[in-house]
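So you know, we letter chains A, B, ... as the sequences are listed, proteins then strands, and number each from 1.
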Amino acid sequence: MIRDEIREKIHAALDELGLVESEIILEHPADSGHGDYATNIALILAKRGSKNPRELAERIAARLQDKRGENIRSITVAGPGFVNFHLTKSFFAKNVQEILSDIENFGKNSLLSGKKIMVEYTDPNPFKVFHIGHLMTNTIGESLARLFEFSGAEVKRANYQGDVGLHIAKAIAAKLRSRAIWITAADVGASYAQGEELFAKESDFVQEVNKKVYEKSDDAVNDAYAEGRAISLAAFEEMYKLLGTKFDFYFFESEVAEEGKNIVLEYLKKGVFEKSEGAVIFRGEPYGFHTRVFLTKEGLPPYEAKDLALAARKFAVYPYDKSFVITALEQNAYYAVVRQAMSFIYPELAHKTVQIGHGMMRVASGKMSSRKGNVVTGESLVHDALALAAEKIRDEQMNVDEKSAISKCVGIGALKFSILKQQIKSDIVYDEERSFSLEGDSGPYLQYAAVRANAVRARAEEAGLVRSFEKKDDIHAVERLLYQFPEIVERAAVEHEPHHIATYLIELAGSFNSFYAAEKIIGGGAAAPYRLALTEATFAVLKNGLHLLGIGVPGKM
RNA sequence: GCGCCUGUAGCUCAGUGGAUAGAGCGCUUCCCUGCGGAGGAAGAGGCCGCAGGUUCGAUUCCUGCCAGGCGUACCA
C-alpha cells in the first residue's frame, strides 16, 4: 500500500534527524489542494520537544525530498506545520491497472490471515415472527463476516435459534387453548401474541406447558411443538435465501439446554455459582456487572446456562480463534455477565469471545409491541422494499422474472444499505411513510452507478474501444478515491464498522457520476482508452464494496 | 438510584486532536439533439445539547449538568 510506503519514508526521515519515534498518523486531507496524504507528525513532535512546529515540518519535508520516488510528486509544508504529499499521475494510472489485473482481490488485506473466525448472528426464535431486529442483526452480521473474509480469515457463519423456552410455551399454550390451526409462520406468531396475554393471566398454566416442552412428556404439546418449529424454520430459510446469507452451522437451544444445566450444576459445587431464593445465580457485582440467574427455581436452564454450553459446542465443531456474537445493544450487559461466568469455566473461550451490540430499528409511527398488531415484521418490511423497487422499473420490455429478480436485488440493497450506512450502535428510525430511500445516499444509488459503469463497458466493447493505462487527463476525484479502498476495508474490519464502506462507496459513486456527466468516455478521443479503464476500475470497486455490505449488483435496473 | 449508549443543518446521518464542520432527504434555481435522469451543477439552511477543564489547537479527550434510549433476579 502507498500509505505504508509513505509512512516508511517519514520514519527514515525522522531517523536521520535523530527525532524520537512517534506514531505516524497519515490522513487524506478533505481538500485535495492539501495533497493526497498529510501528516501532523511535526505538530506532535514539536509539542513534545517544545519546538516551532512549522520549522520542524520544513526540516522533515527537506529530508523527504530525495526520498520521493516515482509515486510522490511533491512534498510541501502548509498551515501550522502539516507535511502534505501529492501523488504522481503515474501512481493513479498504475493503481487503476492494479485493480483491473486482479479484480476479485482488490481491497483485501491480510490482517486476519490464517485465523478461524465464527460469527453468530440473526438468531431468530421459532414460534415468533422474524422481526425487523433480526433483519438488522442479519445484515450487520453478514457484512462483518464478509469484512473478516476480506481480511484473510476463514469465516464460519452460525445461527443460534431458540427452539425451547418460555416463548414457545406461550405459543403452544395459546394454541391448545384456542385450538388454532397453524399453516404459516404468521399463524404461529399470532398464537405467540395470544400467549403473551395468556401468560399475564394464567402464568401457572404457561409454566406447566413450558415444563412439558422441556421434558417432552405430553403428546399434544409435542405435536404442536414439532409443527410450529418446522413451519417457523422453513419460513426463516426463505428469508435467509432472500437476504443472501448461507449459514455453516445451526445451533439450537434444545441441543445445549441439558449440557448448560449440567455445567451450572457442576460449577455450583466449585463455587462459581451460588444458590439464592431457590435459583442458581452468578454474582456479577464484584466485576462491575449485575447478578443473573443461571438456573431457575424450577431447575430449568435459561439463556445464561445455554450460552455457556453453546460456546463449548461451537468450539468443538470449529476450533475458532475468535468467536463473534452479534446481538442488539440491549444484551450487552447480559453478555458481559455470561462472559464473566464463562471465564471461570472456559477461560480460553471467554477470551476468544466478543459480543458486538447494535442499535435497534424503531418505527417512527409509534412504539412497537409484540403483543399488539402494530409490529412491523421482517417479512412485511422486505415485501415493502421489493414493491418499492419494482415500482421504479420503467422498462416495458422486461419480462416478469427479470423484473422480479431486479426488484429483489434493488429492494434488498435499499434495505441493507439503510441499515449499514450508519454506525452499528445507533438506532435506526424507520419511517413507514418515507420507507427506504432509492435516491441519494442509498443502496440503489450505488447499484445504479455500478450498472451504468458496466453499461459503458459493454458499449465500449461494441464500439471496439480498448482500454489503456496511458493517462491523458488531469487527476480526477474518482482516482483519488479508488486507491483508498483497501485502507477503508481495513478500518471497517478492525473497527467492526461496515458504515465506513458505505460512506466511502457513496463518495466514490458520487465522484464517478460527476465524472460521467462531465467527460465523454466513449468518443473521448485520445483520453477515451484510459477513461474506459477508469470506468471499469470504478465498477470493480463498487462491486467489491457492495459485496462487503451484502448487496448485489443487478445486470440492469 | 446505579451501569452502558446517544445528543452535529428542519429531518436522517458522516466526521482519524488539526486547515473553511460535510452528505442525503426536504426547499429554491438550472441541465435530457451526448456513453442509462434511480443522474449532474448550484443556492439557502450550523451557539457541533449546556458549563467548565486539558492543549499551540477540542465537534473529537476529561469532569459536571441537562435531555433521550437500553439494561438492572428467575424472558430472550
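- Residue contacts shown for Arg457(A) are absent, as no nucleic acid heavy atom lies under 4.0 Å away.
- At a cut-off of 3.5 angstrom, counting only N and O atoms as typed in the model, there is no donor on one side facing an acceptor on the other between the side-chain of Ser514(A) and the base of A41(B).
- The residue Asn40(A) sits close to a base: some heavy atom pair falls under 4.0 Å.
- Along RNA chain B, the nucleotide closest to Glu330(A) and the one closest to Pro302(A) are compared, and the more 5′ of them pairs with Glu330(A).
- Between Arg3(A) and the choices Glu490(A), His28(A), Gln484(A), the side-chain hydrogen bond (donor to acceptor under 3.5 Å, both in side chains) rule is met once, by Glu490(A).
- At a threshold of 4.0 Å, the pair Glu58(A)-Arg54(A) counts as salt-bridged, since one of the basic side-chain nitrogens sits closer than that to a carboxylate oxygen.
- Counting non-hydrogen atoms under 4.0 angstrom, Asp307(A) reaches nothing in the nucleic acid.
- Within 4.0 Å of His28(A), counting heavy atoms only, lies no atom of the nucleic acid at all.
- Using a 4.0 Å heavy-atom criterion, one finds that Leu166(A) contacts the sugar-phosphate atoms exclusively.
- The nucleotide whose nearest atom lies closest to any side-chain atom of Ile281(A) is, among A38(B), A73(B), A23(B), A73(B).
- Look at NZ on Lys306(A): it is 12 Å from C1' on C74(B), rounded to the nearest Å.
- Rounded to whole Å, atom P of G15(B) lies 9 Å from atom CD of Glu495(A).
- Remark: Arg292(A) is not in phosphate contact with C74(B), judged by side-chain N or O atoms under 4.0 Å from OP1 or OP2.
- Heavy atoms of Tyr334(A) sit under 4.0 angstrom from at least one base atom.
- Judged by centroid separation below 5.5 Å and plane tilt below 30°, Phe82(A) stacks onto the base of A19(B).
- In this structure, Lys556(A) reaches the bases: a heavy-atom distance under 4.0 Å links it to at least one base atom across the strands shown.
- If you check every strand for non-hydrogen atoms under 4.0 Å, Glu277(A) touches a base.
- Residue Leu43(A) is classed as a base contact, given a heavy-atom separation below 4.0 Å to a base.
- Counting non-hydrogen atoms under 4.0 angstrom, Gly162(A) reaches nothing in the nucleic acid.
- Residue contacts shown for Val280(A) are absent, as no nucleic acid heavy atom lies under 4.0 Å away.
- Lys425(A) comes within 4.0 angstrom of sugar-phosphate atoms only, judged by non-hydrogen atoms across all strands, and of no base.
- Among the atoms of the strands shown, base atoms are found under 4.0 Å from some heavy atom of Glu519(A).
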